Amino acid sequence: MLRQNFEIVKGETFTKDILIKVNDEVYPLNNYTALSEIRPYVGSKTLIESFSCEVFPEEGMIRITLTNEQTNNLPFGILYYDLLLINQENNEHTYYLGGKIIVKKHVTEIPT
């Protein structure tokens, strides 16, 4: 599994496009779905939040997204996530990416 950490600011929309590569080649994602969850630590049964995962098969890309409401509800500090790819054709499961999420506070206040 590849490792990548993300920094998320509470209250902002978070979107990340993840290009899936195998042997440095973009991997087509026909018949694939994806799941990605955030937990307080690896192996925890407590689910903090789930990313919305959109698969772009021809581009070999998955877009993970959290709304501003979802990020606003994340606790400050370090959380953990991973990205699970599921081949719907043969039910094969691959954990492609994972790492830490560092949740930070914004500096600039939103005008009211």
Side-chain angles (χ1 to χ4, degrees):
M1 176 170 37
L2 298 174
R3 297 274 176 216
Q4 184 174 9
N5 297 334
F6 301 136
E7 289 189 0
I8 295 178
V9 177
K10 282 180 73 87
E12 78 176 10
T13 301
F14 177 84
T15 300
K16 179 73 174 173
D17 291 340
I18 300 166
L19 193 59
I20 307 300
K21 289 187 171 187
V22 175
N23 298 325
D24 287 330
E25 299 282 328
V26 172
Y27 189 78
L29 296 171
N30 299 320
N31 300 314
Y32 277 85
T33 58
L35 297 172
S36 185
E37 298 177 340
I38 301 170
R39 296 186 186 268
Y41 56 89
V42 176
S44 173
K45 300 286 185 203
T46 302
L47 176 65
I48 302 287
E49 192 57 77
S50 295
F51 285 98
S52 170
C53 299
E54 186 176 3
V55 178
F56 298 87
E58 281 74 38
E59 292 88 353
M61 186 182 76
I62 296 173
R63 177 171 293 144
I64 61 172
T65 305
L66 292 172
T67 66
N68 60 333
E69 290 175 14
Q70 288 174 302
T71 65
N72 199 46
N73 291 328
L74 295 175
F76 287 113
I78 297 175
L79 304 170
Y80 295 84
Y81 82 98
D82 56 23
L83 175 66
L84 175 63
L85 304 179
I86 303 166
N87 185 325
Q88 297 296 311
E89 195 171 290
N90 61 15
N91 202 33
E92 195 173 272
H93 296 78
T94 304
Y95 288 96
Y96 182 78
L97 183 69
K100 297 176 184 177
I101 294 176
I102 298 100
V103 181
K104 297 182 165 191
K105 182 158 177 49
H106 56 82
V107 175
T108 303
E109 294 296 325
I110 297 172
T112 55

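Keep in mind it's a predicted model, so treat the numbers as computed, not measured.
- No donor-acceptor pair closer than 3.5 Å links the side chain of N23 to the backbone N or O of E25.
- Closest approach of S36 to D82, counting heavy atoms only: OG-O, 2.8 Å.
- V103 and P75 make their closest contact through CB-O, 3.3 Å (heavy atoms, listed as atom of the first residue, atom of the second, distance).
- Within the model, atoms CG of N68 and CD of E12 stand 9.5 Å from one another, a figure rounded to the nearest 0.5 Å.
- Side chains of K105 and F76 form a contact here, defined as non-hydrogen atoms less than 4.5 Å apart.
- With rounding to the nearest 0.5 angstrom, the CG atom of N90 is 4.0 Å from the CG atom of N87.
- Under a 3.5 Å cut-off, the side chain of N73 and the backbone N or O of E69 do form a donor-acceptor pair.
- I38 approaches L47 most closely through the heavy-atom pair O-CD1, 3.7 Å.
- Following chains of ILVMFWY side-chain contacts shorter than 4.5 Å, one can reach V22 starting from L83, so the two form part of one hydrophobic cluster.
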Just do the side-chain contact (heavy atoms from CB on, under 4.5 Å) check on T94 and L84 with the steps written out, would you? CA-CA 6 Å; T94 304; L84 175 63; 5.7 Å; no
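- P40 is listed as a side-chain neighbour of I48, based on a closest heavy-atom distance under 4.5 Å.
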With side-chain contact (heavy atoms from CB on, under 4.5 Å) as the criterion, how do N91 and I86 come out once you've worked through the C-alpha distance, each side chain's angles and the decisive distance to 0.1 Å? CA-CA 6 Å; N91 202 33; I86 303 166; 4.3 Å; yes
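- In this structure, CG in L97 is found 9.0 Å from CG in L85, a value given to the nearest 0.5 Å.
- Linking ILVMFWY residues whenever their side-chain heavy atoms come closer than 4.5 Å, directly or via other members, places Y27 and V55 in the same cluster.
- No side-chain heavy atom of Y41 sits under 4.5 Å from any side-chain heavy atom of L79.
- In the displayed structure, E89 atom CD is contacted under 6.0 Å by at most 12 heavy atoms of other residues, nucleotides or ligands.
- Residues I20 and L29 meet the side-chain proximity criterion, which asks for heavy atoms closer than 4.5 Å.
- In this structure, I102 and I8 have side chains that are not in contact, with every pair of non-hydrogen atoms separated by 4.5 Å or more.
- Residue K10 qualifies as enclosed at atom NZ: its count of foreign heavy atoms under 6.0 Å is above 12.
- Note that CD1 of I101 is 11.0 Å distant from CD of Q4, once rounded to the nearest 0.5 Å.
- Taking both residues in full, the closest heavy atoms of P57 and N30 are given as CB-OD1, 3.3 Å, listed atom of the first, atom of the second, then distance.
- F51 and F14 have tilted rings, their planes meeting at an angle from 30° to 60° on a 0 to 90° scale.
- From I18, atom CD1 reaches atom CD1 of I64 across 4.0 Å, with rounding to the nearest 0.5 Å.
- Screening residues 86-112 for ring pair (Phe, Tyr, Trp, His ring centres under 6.0 Å) gives no qualifying pairs among residues at least two apart or on separate chains.
- Applying the side chain to side chain donor-acceptor pair (under 3.5 Å) test to every pair with at least one member in residues 43-64, sequence neighbours left out, gives these pairs: D17-R63, E49-Q70.
- Across all their heavy atoms, G60 and V26 have their closest contact at CA-CG1, 3.8 Å.
- Here the NZ-CD1 distance, from K16 to I62, works out to 13.5 Å after rounding to the nearest 0.5 Å.
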Show your working on side-chain contact (heavy atoms from CB on, under 4.5 Å) between R39 and Y80 and close with a plain yes or no. CA-CA 5 Å; R39 296 186 186 268; Y80 295 84; 5.5 Å; no
